[in-house]
Amino acid sequence: MSTAIENSLSVDTRVNGHAGYINGNSTSNGTPNNCTWEQQFLPPPLQLDDRARAIKIDSRLAGLMLCGATLRRVGEVFSREIENGLRERPSSLQMENTYVPELPDGTEEGVFLALDLGGTNFRVLLLELQAGQLVREDVKQYHISDALRLGPGEDLFNFLADCVQDFLRTEGMENDELSLGFTFSFPMKQHSISSGELITWTKSFKCGGMEGVDVAALLQRCLHARGLRVTVQVLLNDTTGTLVAGAQLDPAVVIGVIMGTGSNGCYMERAERVQHWEAAHERVQDVCVDIEWGAFGDNGCLSFLRTEFDKEVDDNSLLATSFTFEKYIGGKYLGELLCAVLSGLARDGLFPAIPARGSLLSAHVSLFEEENVAGVCSRTAEALRDACGRAVSRHDALVAQHVARVISNRAAQLVSVCIATLLRRMSRAHVSVAVDGSVFKRHPRIRTLMERYIALLAPNHKFSLLGAEDGSGKGSALTAAIAARIAARSL
Ligand code: BGC
């Protein structure tokens, strides 16, 4: 369900029906009502009985607390990078033409296979659409081992084709002729709606020999080698799937966002503003552009945001020095960031122990936030005891909750800057933003914060956030149906 937000400065910031409770300081949203535009972006200060400790901690966290002026600056840089990317000038934003020129119109029909690769699990789905509505959905999940995620790419794609064969056997459809939508949630150079080369791996994948390889063609070869009569009809990113699935629910959806293990966004851009076309497009008015904002700033244009904690997370990551913006937002990194900050505080004597690397996940960030909202800290203290290998006090738990709040606030702000910039760029009467991903779904405060910050950053632009489930599955089938519709029209 979505609620339209008429942008104003007085946005309701209730969290799941609770009034915000911030370390003993109970206000409706944690921000005094009479503060300036600038101040409305800052998380409330840490409140501890030991005032001197609280002040020292907040000053160590200052680089993570972004004020309105800094966020405006990020928005300006983002706009510039968007323009450069669209014009094929040097930019940290890929601004990839996805060749998806239209959205669902309720005529989508047929049975489709969908593959979803990019997050923690690999899924194979069989979906049936009737008049644009999903009437059947069979799903099977497959675990991808570390050896496959980090080994040769051919092995990974052979495994994907084995999974499709296994799935079709279970469904009794091994000999059926089927169209497939491949949701491949990594940056690609797309040549058409059904082909594209991997640019670089992200998140927890790093298979050798795959950069520059057409992943749809490779999958097609592996499927044919197994005698399967399956045709890869569309190749798409999960943001595109989310936008398409969202547009089926609400025609005002023209932006798709993922806040999950990784983060990214796409939107419908005017076709004439897109430079890169490898197909005739005279009749195309708008086309979906995959921004790939995870790489925003990889050319150094955002170095003013980077803290020592971000550097630590990046240095210890699988793919260091790339996708730095994603490392501020993505669920894969929020737990590591929490760990890096608590470790920094521990080294300065402001926290009792250094948590073991890998012991804190984004689920902990959500848990600490949930307890902070509820004004309790017992499970926070328990998780910290496990992570630090020793008991921690209630005050230490409150410190960790505050850190979780500060890094969540920054993640919400940065994603909001991107969305607000798109709203201003599109300038439509009302825009719905379809959002999917584990962080958006499970973090207790993120949605409220985003609604608040987008409203502050794009005043006078009406928008709503629409939780869109399973863009990678349903969106993929809908996109395959759209491609079939377009192909039939041009016969
Ligand atoms: C990938 C994007 C994807 C996002 C969300 C990023 O790491 O580069 O293509 O959309 O994760 O899954």
Side-chain angles (χ1 to χ4, degrees), residues 81 85 91-100 114-123 144 149 181-190 196-207 210-213 215-216 234-246 255-267 288-298 313-314 317-334 336 362 411 414-415 418-419 422 433-443 446 467-476 479:
E81 292 284 283
S91 167
S92 57
L93 299 178
Q94 178 74 22
M95 303 305 292
E96 193 57 31
N97 186 343
T98 67
Y99 298 91
V100 174
L115 300 196
D116 173 17
L117 181 76
T120 15
N121 282 307
F122 168 61
R123 295 183 313 151
I144 301 207
R149 278 187 300 100
F182 184 18
T183 307
F184 183 74
S185 307
F186 300 96
M188 289 180 274
K189 177 94 238 140
Q190 285 206 243
E197 294 156 14
L198 173 71
I199 293 177
T200 173
W201 291 109
T202 61
K203 299 174 280 201
S204 44
F205 283 76
K206 197 181 179 182
C207 296
M210 283 295 295
E211 281 159 24
V213 169
V215 291
V234 289
L235 173 66
L236 69 159
N237 184 262
D238 52 355
T239 49
T240 307
T242 300
L243 193 161
V244 171
I255 299 177
V257 169
I258 298 285
M259 291 188 73
T261 310
S263 181
N264 187 16
C266 69
Y267 69 108
C288 175
V289 170
D290 172 11
I291 301 175
E292 287 296 337
W293 69 43
F296 181 28
D298 280 4
V313 170
D314 188 30
S317 67
L318 181 64
L319 299 140
T321 70
S322 81
F323 272 63
T324 40
F325 195 68
E326 176 157 281
K327 289 171 183 153
Y328 303 158
I329 301 169
K332 173 150 177 50
Y333 307 101
L334 290 178
E336 289 167 31
S362 76
L414 293 175
V415 117
C418 298
I419 296 173
L422 294 178
V433 185
V435 194
D436 199 2
S438 50
V439 173
F440 186 73
K441 283 195 281 208
R442 302 206 191 108
H443 190 294
I446 218 85
E469 289 284 326
D470 197 17
S472 318
K474 191 176 154 195
S476 176
T479 311

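Both counts, for ligands and for their atoms, begin at 1 and track the order of listing. Bear in mind the structure is a predicted one, so any value in this text is a computation, not a measurement. Every heavy atom of this structure was used, including side-chain atoms; hydrogens, water molecules and symmetry mates were not.
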State which residues pass side chain to side chain donor-acceptor pair (under 3.5 Å) with [X]; sequence neighbours excluded, sorted by chain then number.
{"X": "Thr202", "result": "none"}
{"X": "Arg442", "result": "none"}
{"X": "Glu336", "result": "none"}

Residue pair Leu318 / Lys206: nearest heavy atoms and the distance that separates them: O-NZ, 3.5 Å
Could you list each N/O atom of ligand 1 together with any protein N/O atom closer than 3.5 Å, one pair per line with the distance?
| residue | atom | partner | partner atom | Å |
| --- | --- | --- | --- | --- |
| ligand 1 | 7 (O) | Thr202 | OG1 | 2.7 |
| ligand 1 | 7 (O) | Glu326 | OE1 | 2.9 |
| ligand 1 | 7 (O) | Glu326 | OE2 | 2.9 |
| ligand 1 | 8 (O) | Glu292 | OE1 | 2.8 |
| ligand 1 | 9 (O) | Phe186 | N | 3.4 |
| ligand 1 | 9 (O) | Asn237 | ND2 | 2.7 |
| ligand 1 | 9 (O) | Glu292 | OE1 | 3.3 |
| ligand 1 | 9 (O) | Glu292 | OE2 | 2.6 |
| ligand 1 | 10 (O) | Asn237 | OD1 | 3.1 |
| ligand 1 | 10 (O) | Asn237 | ND2 | 3.4 |
| ligand 1 | 10 (O) | Asp238 | OD1 | 2.6 |
| ligand 1 | 10 (O) | Asn264 | ND2 | 3.1 |
| ligand 1 | 11 (O) | Lys203 | NZ | 3.1 |
| ligand 1 | 11 (O) | Glu326 | OE1 | 3.4 |
| ligand 1 | 12 (O) | Lys203 | NZ | 2.8 |
| ligand 1 | 12 (O) | Asp238 | OD2 | 2.6 |

Pairwise distance OG1(Thr240) to CG(Asn264) - rounded to 0.5 angstrom: 8.0 Å
Charged N-O contact under 4.0 Å between Lys474 and Asp436: no
